[in-house]
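Written below as structure tokens is the structure these notes are about.
All values below come from the heavy atoms of this structure, side chains included, with hydrogens, waters and symmetry mates left out. Residue numbering restarts at 1 for every chain, and letters A, B, ... go by the order of the sequence lines.
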There are 2 protein chains.
Amino acid sequence: MPRCTLATIAREANVSVPTVSKVLNGHSDVAAHTRAIIERLLTEHGYQRPRSPRRSNRRGEFIDLVINDLDSNWGLAILTGVEQVAEEAGLTLAVSAVHNRASLTRRWLQSLLSRASQGAILVLSDLDEAQRAELARRTLPFVLVDGVSAPPPDVPSVGATNFAGGFAATEHLIGLGHTRIAAIGGPESLLCTRARVAGYRSALEASGLRAHRDLVRYAPFHHDGGLDAARRLFALAEPPTAIFAGSDHLATGVYSAARARGLRIPEQCSVVGFDDLNFTPWMAPALTTVRQPLREMGVAAARMLLRVINGERLDSHRIELATALVIRESSGPRAPH
Amino acid sequence: MPRCTLATIAREANVSVPTVSKVLNGHSDVAAHTRAIIERLLTEHGYQRPRSPRRSNRRGEFIDLVINDLDSNWGLAILTGVEQVAEEAGLTLAVSAVHNRASLTRRWLQSLLSRASQGAILVLSDLDEAQRAELARRTLPFVLVDGVSAPPPDVPSVGATNFAGGFAATEHLIGLGHTRIAAIGGPESLLCTRARVAGYRSALEASGLRAHRDLVRYAPFHHDGGLDAARRLFALAEPPTAIFAGSDHLATGVYSAARARGLRIPEQCSVVGFDDLNFTPWMAPALTTVRQPLREMGVAAARMLLRVINGERLDSHRIELATALVIRESSGPRAPH
DNA sequence: TTGTAGGCGTTATCAC
DNA sequence: GTGATAACGCCTACAA
């Protein structure tokens, strides 16, 4: 059987070859109906582009940024970095949020395909196999930032040294004399959460301590998540004397829970956060936290994307930027009990 | 002689009517040579468009958001609101930052014109006369959010009740017994700053107090701006017992200055901020501030833009959303001195 | 009837 | 030559 070419598809779809080419390249001048038929045929035949890309499509001057959730000022720092690089490269940045909703992801992908985007950066959101295949057919490059799950080795991705961050935070607390140290991670499904908690466990084990099951919690990345988890921790028969929160927003919840229970930070409970968002120095007490270079992560992801777009080789498909413990006032020696 | 129509031109140029139409509307898919011929004929015949414009150019599916400075999480809330509306309307949102630089503004405008943007929302940034004219020629609508200067009456704009906010904040402090109340505004050139400070003055006057010159300062909207201004205020022979800061970020600077001088908030100095960003409840003490519905402002601006794009009439060219004083812990009665 | 948008084929061209 | 793509302009449908 001969290799499937555009001509094959065109014949079956009763259109001209250029029309198929247009669908493949996301041009807008194809009727939605026609496009659907052609896309189906392309999938059915498992069409593969020739490896050496043809005269490359220098059409739109866009790149896309998809952030799962724009509401947290977490994403802003990344956005800022991406915007800067896009601006320098003379590319327009299209921003969207998908709020963990599959329908929005599909919609975004659809709009991306019918536009002339050169590539996409996905933050804390992920695509399923079919969606990846669709992008691959179009040879639309994408880069993951803090992907949901471990990305396939051939997908470029950017992250922070979450494991090392979790380790450093916990080690710091151990060094202050704490032995009952709790962890509140973000959603358990997230790669970054798992790495941070793994770092936490590892630090405990390295000191001969054990992570008691009750002391590890998972909660959504916001104040109320932290509040709720910390409440339960404080209600334990043997409450922790220190808490490693997997994000600064979670840490604000821990503060609220401590305050509600009349616990003073750090005298009665030390707290360490993660992210180092810009308000942490002004919290009271100022939050000890693991700094994550979010803006730089955005810059790195955007530069990576540009390299892929320009057909340059990546030195590495995975970049992890260093985290650093920032010690402020919310962590202190364990109180003699 | 019959009136000159596109058909006349088309016949003479040996092209179809749609092709002439495309030249007239600046579409790109006409060869330069053909376009030149047609443009010459159009000029020679003195072609006039009919007065009632036909279905106008529904070109790209974009709208643009230009934020002067993305770095502050101030803009994030607005961005979120705009994104939501754009998504609902099936439009892609292009985001850029211009950092108060004229060159970047020019570049952005250039890219906007060469793209297929349907319109733009400008946040805390402004266009000069020529730039406005350029947009008008293309009939590209735009909406201002918190414009730099008072917008011309025919330009749609969205803001908050800054005057009322400044008034409420100051009245609150007066009610607590303060008489030496300082204000730290943002940059003096900004409309929102002037309105907030005017509200402050007005409240003082309404209570028979006077705004001493030394007690009104202007500083850039960030921590260090507030720190610097507050330092100078505390160094006065008669320092203020309360400070109204024109933004929450400025207020964080006031906190730092107070701490550095050993002043307790609110016992020795009350502080009121402006914006109610998401971290203010976790500051210590929790910041009393004037809430500004930033997200809703983004929504309102985007909806306004859509109406203009669709040729609908606006009920009003100026929308001001209400501010509200949120009393927390950073404001308290004047200490007996 | 005039003008416009969308859709798609024709042609030229390019890389192999 | 062959596969794929960019450029261009006509046809059709439709809106005023």
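Side-chain atoms of A/Lys22 come within donor-acceptor range of the base of C/dG9, with a qualifying N/O pair under 3.5 Å.
Comparing atom distances between the B/Val17 side chain and each of C/dT4, D/dA4, C/dC8 picks out C/dT4 as nearest. In the set D/dC11, C/dG7, C/dT10, the nucleotide with an atom closest to the side chain of A/Asp29 is C/dG7. Between D/dC10, D/dA4, C/dC8, one nucleotide has an atom nearer to the side chain of A/Thr5 than all others, and that is D/dA4. When distances are taken from the side chain of B/Ala31 to each of C/dG9, D/dT5, D/dC8, the shortest belongs to D/dC8. Closest approach to the B/Pro18 side chain among D/dT5, C/dG9, C/dA5 is made by C/dA5 (side chain taken as heavy atoms from C-beta onward). Comparing atom distances between the A/Ser21 side chain and each of D/dT5, D/dA4, C/dC8 picks out D/dT5 as nearest.
B/Ser16 pairs by the side-chain contact (heavy atoms from CB on, under 4.5 Å) definition with B/Pro18, B/Thr19, not counting sequence neighbours. Contacts of A/Arg11 classified as side chain to side chain donor-acceptor pair (under 3.5 Å), with partners at least two apart in sequence or in another chain: none.
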Working for side-chain hydrogen bond (donor to acceptor under 3.5 Å, both in side chains), residues B/Ser157 and B/Arg318: CA-CA 5 Å; B/Ser157 68; B/Arg318 171 77 184 165; 2.9 Å; yes
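The NE2 atom of A/His33 sits 14 Å away from the C1' atom of C/dC8 (whole-angstrom rounding). One can place CG of B/Leu6 at 9 Å from P of C/dT2, the figure rounded to the nearest angstrom. The CZ-C1' distance, from B/Arg11 to C/dG3, rounds to 15 Å in whole Å. Between the P atom of C/dT1 and the CD1 atom of B/Ile9 lies a distance of 19 Å, rounded to the nearest Å.
Between the side chain of A/Asn162 and the backbone N or O of A/Ala195, no donor-acceptor pair lies under 3.5 Å.
For A/Tyr47 and D/dA4, the shortest distance from a side-chain N or O to OP1 or OP2 is below 4.0 Å. Taking only side-chain nitrogens and oxygens, B/Thr19 comes nearer than 4.0 Å to OP1 or OP2 of D/dC10.
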